[in-house]
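For reference, the structure discussed in these notes is given below.
Numbers restart at 1 for each chain; the letters A, B, ... are given by sequence-line order, proteins then strands. Below, each value reflects all heavy atoms present in this structure, side chains not excepted, and no hydrogens, waters or symmetry copies.
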Number of protein chains: 4
Amino acid sequence: MPKVGMEKIRRAQLIEATLEAIEKHGFHGTTVSVISKKANVSTGIISHYFGGKAGLIDATMRYLLEELKQELLNHLPHTKNHHARLHAIIDANFASVQRSKKAAVTWLVFWTQSMHSADLARLQNVNSKRLISNLKYSLRHLIAKEKVEWSAQLIAAQIDGFWLRNALTHTQHSSHNQAVETCKTLIDKVICDYGLSTK
Amino acid sequence: MPKVGMEKIRRAQLIEATLEAIEKHGFHGTTVSVISKKANVSTGIISHYFGGKAGLIDATMRYLLEELKQELLNHLPHTKNHHARLHAIIDANFASVQRSKKAAVTWLVFWTQSMHSADLARLQNVNSKRLISNLKYSLRHLIAKEKVEWSAQLIAAQIDGFWLRNALTHTQHSSHNQAVETCKTLIDKVICDYGLSTK
Amino acid sequence: MPKVGMEKIRRAQLIEATLEAIEKHGFHGTTVSVISKKANVSTGIISHYFGGKAGLIDATMRYLLEELKQELLNHLPHTKNHHARLHAIIDANFASVQRSKKAAVTWLVFWTQSMHSADLARLQNVNSKRLISNLKYSLRHLIAKEKVEWSAQLIAAQIDGFWLRNALTHTQHSSHNQAVETCKTLIDKVICDYGLSTK
Amino acid sequence: MPKVGMEKIRRAQLIEATLEAIEKHGFHGTTVSVISKKANVSTGIISHYFGGKAGLIDATMRYLLEELKQELLNHLPHTKNHHARLHAIIDANFASVQRSKKAAVTWLVFWTQSMHSADLARLQNVNSKRLISNLKYSLRHLIAKEKVEWSAQLIAAQIDGFWLRNALTHTQHSSHNQAVETCKTLIDKVICDYGLSTK
DNA sequence: TATGAATGAGCCTTCATTCAT
DNA sequence: TATGAATGAAGGCTCATTCAT
């Protein structure tokens, strides 16, 4: 009887290899041959588990999104302090990227691809809306009602902007930390300016 | 009887066709054949004038950067009102994108490619530094010295962040205008908070 | 505890599945995977019992030939009425095909393959000669000696011709019956024209 | 300016190479690589002129059909002698095959493929009907009305049957001639049996 | 005896580049 | 200066076969 339960292992193996390949060779240079070699498996296995290269790319993108989602869930659940919660959102959004450059490159690739793939565009949209929604949820408890939407957009753009600039420049850790601090300061400033007097 | 002065015309023709192709078909779908058809020329001409597809892509990226540079030069040449100058920087940075979707897609592609091309990375870096430098030049006249760098980074990230989010969502004009307004408000807020008492 | 006597069962199972696969998906679409699924066994079993796909195909062809041979043996064993015997040959040759479309498609495939396989070509040749030989055996009792060979060739071609045309057009039963009738009429005509005056 | 008018030459070259490849290596062994080498061109050219291997196979089949059609047109136009016309149909149907074994193998492949391709099936059907129609046209002038259809089916099957049997056995010219003679004799017999007394 | 995960050779196709015209 | 027919390397995919279990 052949090995069972390999599917999970192989899928993880191949997704990890894909992330490495995209980081090292770029999207164009990420061929099934390159991925296979990195994962130490044959090329055929990709079609076997993902139905083809496109399926693997898709799964990799979903993996990144899911990872980010989990990161948020792990950082934010048990607090009623909305100020702290907003800071935690910042931490979560930079956490995975801070860990490795792989994710940063792949996020950028993912965004670029999403402009010409309805499927990826939908995923990207969900992700984008979640950030806004998370921000608004806490902002509602802290600042004037009519400023919530505007502030959420501001902070979201600030996060993505730092994120993008850091990805493009050969990032040191310091700049990541600086980005996190700056985002938090911006939040504080927003709360300070539009904060509810009594709560 | 060889036509002279065709080089300039052909180069412009092909760069424009490349921008259109990337917008319509994405980077992956932008083949030499597609570009040639859009430009109504033969495929061979690309190698003739640009030495190959890579040369054309490179030239297209440089064209975008040059365009942005000119945009900035045209909007902020002769003013000593640094508050107005900062607002003009915002306008300039969103102007080209506001005009067409072409640039937005291509910028994203450009950034992604720049991560795996030393040449493009250098161009991107120059561009990124110019924005910071332009912001700092005016901020120095308006806010406390020790806040200049930090504020420039903040505003630059804000610009890129809005820019990115707008590119990824199917942008309406309203959101572009909103982005411009929000960036200007952020600038005002920074000046208000850290502004020099006397000027 | 190894099951014994599985070989016969498995071989029959797989040959039947192969016939079904060829009928449904054509020769090109008949992959090891398709056959295995139809037979509800693993892919490995094919190599185990037939040494590979080629062996299974070969066995399937032999099975068809054997089936036809048996059909003939069952229909014409104990008769000395050679006129009836000739008619029985016709019946036998159309019997298996009349039963299902499977055989028709597979026969055609078999013939085609036999042109590039010495092994199959030999089988096909034996089969072809048996029909002629069977026809001649009875014809010798009914018609002039010098017309026997010619008539056998005529009738054999008539059988195969009808068979082929019926296989290619989406056959109704009526056309099969018509083919049988026409072949029998041809036999009668031959006997009538070249028949021995006394018998 | 590049060479013009090559399309016709290349298409003919490739179709001829395909016929040779099918004859020599069978349908399965007929790869684009094999065809290209036989035609002394690159593999890419097949997609260029035929949109892919399938297009080339299709064109090859159509070529065979067209050739047969022309053969018929060339042999039958200027005669009002319907007896001679029927004999000419026989000649035409065996002519192309008599010339080379290539066509014979390919016809068989074509027929087999046509069972799983709607497109090829339609072509095959048109071809099959044309033979019947041609036979009936002349038979109507020669034999009793109620025997026309039956006789046409008989003769058509006879032709195809000989054709098939000759293709399968390693044909000598003599057997081809014999097939032609036998078919003609069958026609004569039919006319003799069912012929119109007066015309 | 039986499985099916894994392999990798071989296939068709795409596409940047070349070169005779 | 310009063409586009032709090339052929490189890509992704299919599938018969193998082998650890």
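Listed pair Arg10(C) / dT1(E) fails the phosphate criterion, with no side-chain N or O lying under 4.0 Å from OP1 or OP2. Side-chain nitrogen and oxygen atoms of Tyr49(D) include none within less than 4.0 Å of the OP1 or OP2 phosphate oxygen of dA5(F).
Note: CZ (Phe50(D)) to P (dA5(F)) measures 14 Å, nearest angstrom. Atom CZ in Phe27(A) sits roughly 14 Å away from atom P in dG11(F) (whole-Å rounding). Taking atom CD1 of residue Ile57(C) and atom P of nucleotide dT17(F), one finds them 11 Å apart after rounding to whole Å. Taking atom CD1 of residue Ile9(D) and atom C1' of nucleotide dG4(F), one finds them 16 Å apart after rounding to whole Å. Here dT14(F) presents its C1' atom at 15 Å from CD1 of Ile35(C), a figure rounded to the nearest Å. Put simply, NE2 on His28(B) is 10 Å from P on dA16(E), counting in whole angstrom units. Look at NE2 on His25(D): it is 11 Å from P on dC11(E), rounded to the nearest Å. Glu7(D) places its CD atom 13 Å from the C1' atom of dG4(F), with the value rounded to the nearest Å.
The pair Asp119(D)-Arg62(D) meets the salt-bridge criterion, since a charged nitrogen lies less than 4.0 angstrom from a carboxylate oxygen.
Taken from OG1 in Thr30(D) to CG in Leu19(D), the straight-line distance is 9.5 Å, to the nearest 0.5 Å. Expressed to the nearest 0.5 Å, how far CG of Leu168(A) lies from CZ of Phe110(B) amounts to 9.0 Å.
Considering every non-hydrogen atom in both Ala17(D) and Ile35(D), the closest pair reads CB-O, 3.7 Å. Between Thr43(D) and Ser36(D), the shortest heavy-atom contact is CA-OG, 3.2 Å.
At the heavy-atom level, His48(C) lies nowhere under 4.0 Å from the strands shown.
For Tyr49(B), the OH atom is densely surrounded, since the number of other residues' heavy atoms within 6.0 Å is greater than 12.
Mapping Val32(A) and Gly44(C) onto DNA chain F via the closest heavy atom, the residue that lands nearer the 5' end is Val32(A). Checking Asn40(B) against Thr43(D), the closest nucleotide of DNA chain F that is more toward the 5' end is the one next to Asn40(B). Residue Ile45(A) is the one, among Ile45(A) and Ile46(D), whose nearest nucleotide of DNA chain E lies closer to the 5' end (criterion: closest heavy atom).
The side chain of Lys53(C) lies closest to dT17(F), out of dA2(F), dC13(F), dT17(F). The side chain of Met6(B) approaches dA2(F) more closely than any other nucleotide in the set dA2(F), dA6(F), dT3(E). In the set dT3(F), dA16(F), dG8(F), the nucleotide with an atom closest to the side chain of Ser42(B) is dT3(F). Closest approach to the Thr31(B) side chain among dA2(F), dT3(F), dA16(E) is made by dA16(E) (side chain taken as heavy atoms from C-beta onward). Closest to the Ser47(D) side chain, of the nucleotides dT13(E), dA5(F), dA2(F), is dT13(E).
In terms of modelled atom types and a separation under 3.5 Å, the side chain of Lys37(C) and the main chain of Val32(C) share no donor-acceptor contact.
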Q. So what's the dot-bracket for DNA chain E: Watson-Crick or G-U pairs under 3.5 Å, [ ] if a pair crosses, | if it pairs off-strand?
A. .||||||||||||||||||||
Q. Step by step, would you call Thr112(D) with Thr112(C) a side-chain hydrogen bond (donor to acceptor under 3.5 Å, both in side chains)?
A. CA-CA 8 Å; Thr112(D) 307; Thr112(C) 307; 2.8 Å; yes
